[in-house]
Amino acid sequence: MLRFAQALDTQLRTAMERAFPAAAAEAIAAGRPLDPKLAPASKPEFGDFQANGALALAKPLKQAPRQIAAALLAELEADAAFGALCLPPQIAGPGFLNLTLRPEVLAAEVQGRLGDPRLGVPLAAASGSGAAPVIVDFSSPNIAKEMHVGHLRSTIIGDALARVLEFRGQPVLRLNHVGDWGTQFGMLITHLKQVAPAALDTADAVDLGDLVAFYRQAKQRFDADEDFQHTARQEVVRLQAGDPVSLKAWGLLCDQSRREFEQLYERLDIRLNERGESFYNPYLEAVVADLEAAGLLVVDAGAKCVFLEGMQGKDGNPLPLIVQKSDGGFNYATTDLAAIRYRFAAPPAGDGARWVIYVTDAGQANHFAGVFQVARRAGWIPAGARLEHVPFGLVQGDDGKKLKTRSGDTVRLKDLLDEAVERCEADLRRRLAEEERQEDEEFVQQVATTVGLAAVKYADLSTNRITNYQFSFDRMLALQGNTAPYLLYAVVRIAGIARKGGDLGGGDRAGGAEAAGAEPQAAFPEALQFSEPQEWALVRELLKLDTVIAEVEQELLPNRLCSYLFELSQVFNRFYDQVPVLKAEPAARASRLALCRLTADTLKLGLGLLGIATLERM
RNA sequence: GGGGCUGUAGCUCAGCCGGAUAGAGCGACGGUUUCCUAAACCGUAGGUCGUGGGUUCGAGUCCCGCCAGCCCCGCCA
C-alpha cells in the first residue's frame with residue numbers, strides 16, 4: 001500500500017496545484033506547500049484512502065469544502081495515471097474525498113507478493129553491509145544476579161526492534177550492556193573474601209543460586225555497615241585499576257552468570273553480543289579528560305560533575321551528572337558516556353554508528369536525558385546521527401503493583417517461562433482428552449513450548465511499551481482474543497488446508513524469506529479473481545504489511561505490528577468461516593488458495609519479526 | 001520543590017499527521033458444528049475519553065491550569 005499511497009499523494013498534490021494555482025504558488029512561497037492530507041480510510045466502506053485536505057483549504061480559499069473537493073475531483077479525473085489506479089472518487093461528509101483502488105490493481109498486487117520473499121516490504125535506503133550500523137542496546141542483566149521479569153521487556157522488545165530493522169536490511173549491532181562492573185562487584189568480592197573465598201579463585205566453587213544469596217547479603221551489609229561500604233568502594237577502585245586478584249575473581253563470577261544468561265537467550269531464540277560495562281573501562285579516563293577539555297567539568301564536593309542545562313534537583317539547585325566520584329571511582333554515568341562516545345566514534349576507534357537505541361525501563365528517562373545532553377555538549381554525536389532512549393513501563397501483578405512472587409520475591413525469568421509452558425501443556429492435554437485425539441509426547445512438548453513462549457512474548461509486545469502492563473498468565477494464554485494462541489491457530493488452519501489437498505504453491509516458506517527460491521507461481525492462475533466481500537477484506541488487510549512495518553520502524557513500537565497481525569487473523573478467520581476454499585469452484589478455489597498462502601506467509605513473517613515461532617498443528 | 005509517564009466500557013488495552021457515528025479483546029447475555037482443526041464465527045448490552053479552560057471549520061489526539069496514581073532527582077545501576 002505504500003507505493004499506492006505515495007503515487008496518490010503525488011497525484012493529489014498535482015491536482016491541487018492545477019485546481020488552485022494561485023493558492024498553491026503562495027503556499028510554496030511560504031514554504032508550506034498545500035497538503036492533500038492523504039490518510040488510510042477511517043472505515044472500510046469509505047474505500048482505501050481519504051484525502052482531507054479540502055477542509056483545511058476552505059478558509060483561505062473562501063470556498064465551501066465540498067466545492068473545493070469537487071474541483072480536486074475534476075482534476076483527478078483528468079489524470080490518466082489516477083484513473084488507472086482508482087475508481088471514480090466520492091465526495092463525502094463535510095468534504096472528504098474517498099478513494100478506492102481498482103480491484104484489478106489490488107489483485108495484481110497480491111499476485112506480485114506471492115512470488116516475493118519480502119512480501120512487498122522494501123529495503124531501507126541505508127541498507128546493506130556498507131552502511132553505518134544501528135546499535136540496539138537491550139536486555140542488559142547484571143552479573144551475579146539472575147534474570148528476572150524486569151529483564152523480560154527489554155529483551156523481548158529490543159529483539160523485536162532489532163529483527164524489524166534487520167529485515168529492512170539495516171546493519172544492526174545487538175549489544176548486551178551487562179552490568180559487570182561497578183560498586184556491586186566491590187560489595188560482592190569483599191563479602192566473598194570473608195565468607196566464601198573459594199568462589200574467588202576456583203571456577204564454580206559455589207553455584208549461581210548461592211551467588212545470588214551472597215549478593216543479597218553483601219547488599220544488606222553495604223546498606224547497613226559503613227566500614228563495609230568503605231572497603232567495598234576500595235575494592236571497586238582496585239578492580240577498575242586492573243588488580244590481578246580482583247580481576248580473576250571478577251572473571252569467574254562473570255563466566256558463571258554468563259552461562260545462565262545464555263541458556264535463557266537460547267530458549268527465547270535471542271541473539272545478542274555481550275559487551276558489558278567493563279569493556280568501556282579503558283575509556284573512562286578519556287571521557288573525563290574530554291569533558292575537562294570541553295570546559296564542561298566542575299568539581300563539586302570532591303566529585304567531578306557536569307551540571308545539566310534545564311534540569312534541576314531538589315531545592316532548585318542545578319542538577320549534576322557525576323562522572324568521577326570523590327573517591328576517584330567512576331560510576332554508571334561515566335560508563336554510559338564512554339559507551340556513547342565509543343559507539344559513535346569512527347572505526348577502528350569505535351563502532352561508527354549512525355543510530356543508537358537504548359531499550360530500558362522508563363524509570364531511567366532522566367538519567368538518559370542527562371547523559372545524552374552531556375554527550376551532545378561534548379561533541380560526540382555526529383551531525384545527523386540519532387540517539388534515543390526507547391522506554392517501557394513496568395511489569396505489574398494483578399494488584400497493579402510491581403510483579404512479585406507470593407513470598408514477595410522478584411519473579412525469576414526462568415520460573416515465569418516454565419510456568420507458561422506448563423500451563424500450556426496442561427491445557428493441551430485436557431483438550432486432547434476432550435477431543436479424544438491421540439498425539440505423541442514430542443508433539444505435546446513441542447506445542448506447549450512454542451505456545452507458552454509465544455504467549456509470554458506476545459503479551460509483552462502487544463501493549464504499547466510506554467504503559468505499564470499487567471502480567472496475567474490467564475489472559476496471555478487465553479485461546480481467544482488478542483493472544484499468541486489465536487494468531488498461531490490461524491496459521492494452523494491454513495496448514496490444515498494444505499494437508500487436506502490445497503496446493504499452496506511450492507514448499508513451506510515459513511522459515512522465512514530465505515527459503516523462497518522455490519517457485520510458487522505454478523499453482524496460481526494468471527489473474528486472481530475475487531468476488532466475496534470476505535476475500536476483498538482479506539486482500540486489503542494483506543496489502544497493509546509494508547505500511548505497518550514502516551510504522552514500527554519509525555515509531556519503534558512493536559505493538560503496531562501485533563495489532564496488525566491480530567486484525568489479519570480476525571479477517572482471515574472470518575473468511576475461513578464463511579467462504580469455502582477446498583470445496584469452491586476451480587477458478588475461485590485457486591484464487592482463495594493464493595490468499596491462504598499469502599496470509600500464512602504474512603503471519604509467519606510478522607510473528608517471526610516478533611521473535612515468535614509458528615506451528616503446523618496444535 | 002523540580003522533572004517524566006499514565007488516566008478511554010465492569011476488567012485488560014488500542015487509537016497513526018487533529019478528521020466522518022470513539023475501537024478491540026475478556027467478562028455478561030443470545031445464537032452457529034453432516035462442511036478445510038469450534039483454540040473458530042455471528043449478534044446484543046456496555047463510554048461525560050480524569051477535570052476546567054483555550055486553539056481550530058473540526059480535539060481522545062495540540063496548548064495552559066487543576067486532580068489522582070506510578071517513577072526519577074550527588075557520588076547504586
Side-chain angles (χ1 to χ4, degrees), chain A residues 35 37-40 42-43 46 50 52 55-56 58-59 65 92-96 140 142 179 182-184 187 219 222-223 233 277 300-305 310-317 319-327 329 331-333 335-336 361-367 369-370 391 393-394 396 400-402 427-428 431 435 437 451 462-464 466-470 472 474-475 478-483 485-486 488-490 492-502 547 551 554-555 557 559-560 562-563 566-567 570 573-574 576-578 580-583 596 617-618:
Chain A
D35 185 355
K37 298 197 176 180
L38 183 70
S42 57
K43 292 191 180 200
F46 298 153
Q50 59 185 65
N52 305 329
L55 289 117
K59 201 166 196 182
F96 301 109
S140 311
N142 290 319
T183 308
Q184 47 183 1
M187 283 160 34
K219 171 80 172 137
F222 186 86
D223 292 340
R233 289 221 167 95
E277 294 172 344
D300 192 80
K304 292 184 181 172
C305 318
M311 301 187 198
Q312 53 180 26
K314 289 172 185 167
D315 312 322
N317 296 324
L319 187 67
L321 187 76
I322 295 175
V323 296
Q324 189 162 20
K325 300 185 282 185
S326 48
D327 65 6
N331 61 12
Y332 70 118
T335 305
D336 281 344
D361 70 278
Q364 297 190 55
N366 286 346
H367 166 67
L394 256 49
Q396 301 174 316
K401 292 184 182 155
K402 201 170 166 185
D427 187 71
L428 178 61
R431 187 180 306 279
E435 296 171 9
R437 273 169 68 187
V451 175
S462 63
T463 65
N464 187 319
I466 198 66
T467 52
N468 295 342
Y469 101 97
Q470 236 179 67
S472 159
D474 289 337
R475 267 198 301 275
L479 308 169
Q480 57 280 81
N482 189 4
T483 63
Y486 180 87
L488 294 179
Y489 182 62
V492 163
R493 284 183 131 180
I494 298 169
I497 290 177
R499 269 197 306 280
K500 290 286 168 67
T547 310
E551 205 175 288
Q554 178 64 30
E555 315 280 336
L557 288 174
N559 68 301
R560 295 278 166 79
C562 295
S563 301
F566 176 53
E567 275 163 38
Q570 282 184 306
N573 274 329
R574 223 164 277 152
Y576 179 95
D577 193 65
Q578 296 162 17
V581 176
L582 293 177
K583 293 189 173 171
C596 290
R617 295 194 305 127
M618 64 191 274

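The sequence lines fix the lettering, A, B, ..., with proteins before strands; numbering per chain opens at 1.
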Might you point out which heavy atoms bring [X] and [Y] nearest each other, and give the distance in Å?
{"X": "A:Pro485", "Y": "A:Met618", "result": "O-CE, 3.9 Å"}
{"X": "A:Lys583", "Y": "A:Pro580", "result": "CB-CB, 4.4 Å"}
{"X": "A:Ser326", "Y": "A:Ala301", "result": "CB-O, 4.1 Å"}
{"X": "A:Arg617", "Y": "A:Arg499", "result": "CG-NH1, 3.2 Å"}
{"X": "A:Gly393", "Y": "A:Asn468", "result": "CA-OD1, 3.3 Å"}
{"X": "A:Phe96", "Y": "A:Pro94", "result": "CE1-CD, 3.3 Å"}

For nucleotides 14-21 of chain B, tabulate all protein N/O to nucleotide N/O atom pairs closer than 3.5 Å, reporting atom names and distance.
unit_1	atom_1	unit_2	atom_2	d
B:A14	OP1	A:Asn464	N	2.5
B:A14	OP1	A:Asn464	O	3.4
B:A14	OP1	A:Thr467	OG1	3.0
B:G15	OP1	A:Arg560	NE	3.2
B:G15	OP1	A:Arg560	NH2	3.2
B:G15	OP2	A:Asn464	ND2	3.4
B:C16	O2	A:Glu551	OE1	2.9
B:C17	N4	A:Leu38	O	3.4
B:A20	N7	A:Ser42	OG	3.1
B:A20	N6	A:Gln50	OE1	3.2
B:A20	N6	A:Asn98	OD1	2.5
B:A20	N6	A:Asn98	ND2	3.4
B:A20	N1	A:Asn98	ND2	3.3

Ignoring backbone atoms, establish whether [X] has a side-chain N or O less than 4.0 Å from OP1 or OP2 of [N].
{"X": "A:Tyr486", "N": "B:C26", "value": "no"}
{"X": "A:Lys325", "N": "B:C76", "value": "yes"}
{"X": "A:Gln578", "N": "B:C41", "value": "no"}
{"X": "A:Arg493", "N": "B:C36", "value": "no"}
{"X": "A:Gln570", "N": "B:G25", "value": "yes"}

Can you identify which nucleotide, out of [options], has its nearest atom closest to the [X] side chain?
{"X": "A:Arg233", "options": "B:C36, B:G25, B:C75", "answer": "B:C75"}
{"X": "A:Leu319", "options": "B:A40, B:C73, B:G74", "answer": "B:C73"}
{"X": "A:Arg475", "options": "B:U12, B:C36, B:G25", "answer": "B:U12"}
{"X": "A:Asp300", "options": "B:C70, B:G74, B:C76", "answer": "B:G74"}

Nearest-Å distance for atom pair [atom1]/[atom2], residues [X] and [N]:
{"X": "A:Ile322", "N": "B:A77", "atom1": "CD1", "atom2": "C1'", "value": "14 Å"}
{"X": "A:Phe222", "N": "B:C75", "atom1": "CZ", "atom2": "C1'", "value": "10 Å"}
{"X": "A:Ile494", "N": "B:A39", "atom1": "CD1", "atom2": "P", "value": "16 Å"}
{"X": "A:Asp474", "N": "B:G27", "atom1": "CG", "atom2": "C1'", "value": "13 Å"}
{"X": "A:Tyr576", "N": "B:C35", "atom1": "OH", "atom2": "C1'", "value": "9 Å"}
{"X": "A:Asn468", "N": "B:C72", "atom1": "CG", "atom2": "P", "value": "12 Å"}
{"X": "A:Leu394", "N": "B:G69", "atom1": "CG", "atom2": "P", "value": "17 Å"}
{"X": "A:Met618", "N": "B:A40", "atom1": "CE", "atom2": "C1'", "value": "12 Å"}

Using a 4.0 Å heavy-atom cut-off across all strands, classify [X] as base, sugar-phosphate, or nothing.
{"X": "A:Ala303", "result": "base"}
{"X": "A:Ser326", "result": "base"}
{"X": "A:Glu435", "result": "sugar-phosphate"}
{"X": "A:Gly179", "result": "nothing"}
{"X": "A:Ala333", "result": "nothing"}

Under 3.5 Å, side chain of [X] to main-chain N/O of [Y], donor-acceptor pair present?
{"X": "A:Asn331", "Y": "A:Ile322", "answer": "yes"}
{"X": "A:Glu277", "Y": "A:Tyr332", "answer": "no"}
{"X": "A:Gln184", "Y": "A:Asn142", "answer": "no"}
{"X": "A:Thr483", "Y": "A:Ala478", "answer": "yes"}

- Task: Examine the side chains of A:Asn573 and A:Gln570 and answer whether a donor and an acceptor come within less than 3.5 Å of each other.
- Result: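 Looking only at side-chain atoms, A:Gln570 and A:Asn573 do not form any donor-acceptor pair under 3.5 Å.
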
Using the [atom1] atom in both, what is the distance from [N] to [M], to the nearest Å?
{"N": "B:C71", "M": "B:A77", "atom1": "C1'", "answer": "15 Å"}
{"N": "B:G60", "M": "B:G4", "atom1": "P", "answer": "24 Å"}
{"N": "B:C63", "M": "B:C76", "atom1": "C1'", "answer": "39 Å"}
{"N": "B:G2", "M": "B:A14", "atom1": "P", "answer": "30 Å"}
{"N": "B:U44", "M": "B:G50", "atom1": "C1'", "answer": "29 Å"}
{"N": "B:G52", "M": "B:A68", "atom1": "C1'", "answer": "15 Å"}
{"N": "B:G27", "M": "B:C35", "atom1": "C1'", "answer": "31 Å"}
{"N": "B:G10", "M": "B:G54", "atom1": "P", "answer": "29 Å"}

- Message: Checking A:Lys37 against A:Leu55 for the side chain to side chain contact (heavy atoms under 4.5 Å, CB included) test, could you report, in this order, the C-alpha distance in whole Å, the side-chain angles of both residues, the deciding distance, and whether it holds?
- Response: CA-CA 10 Å; A:Lys37 298 197 176 180; A:Leu55 289 117; over 6 Å; no

- Item | Intra- and inter-strand pairs of RNA chain B in dot-bracket (Watson-Crick or G-U wobble, both distances under 3.5 Å; | for another strand) | (((((((..((((.....[...)))).(((((.......))))).....(((((..]....))))))))))))....

- Heavy-atom nearest nucleotide on RNA chain B taken for A:Ile466 and for A:Gly329; more 5' hit belongs to A:Ile466

- Name the residue closer to the 5' end of RNA chain B, choosing between A:Glu277 and A:Asn366 according to the nucleotide with the nearest heavy atom.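 Residue closer to the 5' terminus by nearest nucleotide: A:Asn366.
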
- Item | Anti versus syn assignment for B:C17, with syn defined as within 90° of 0 | syn

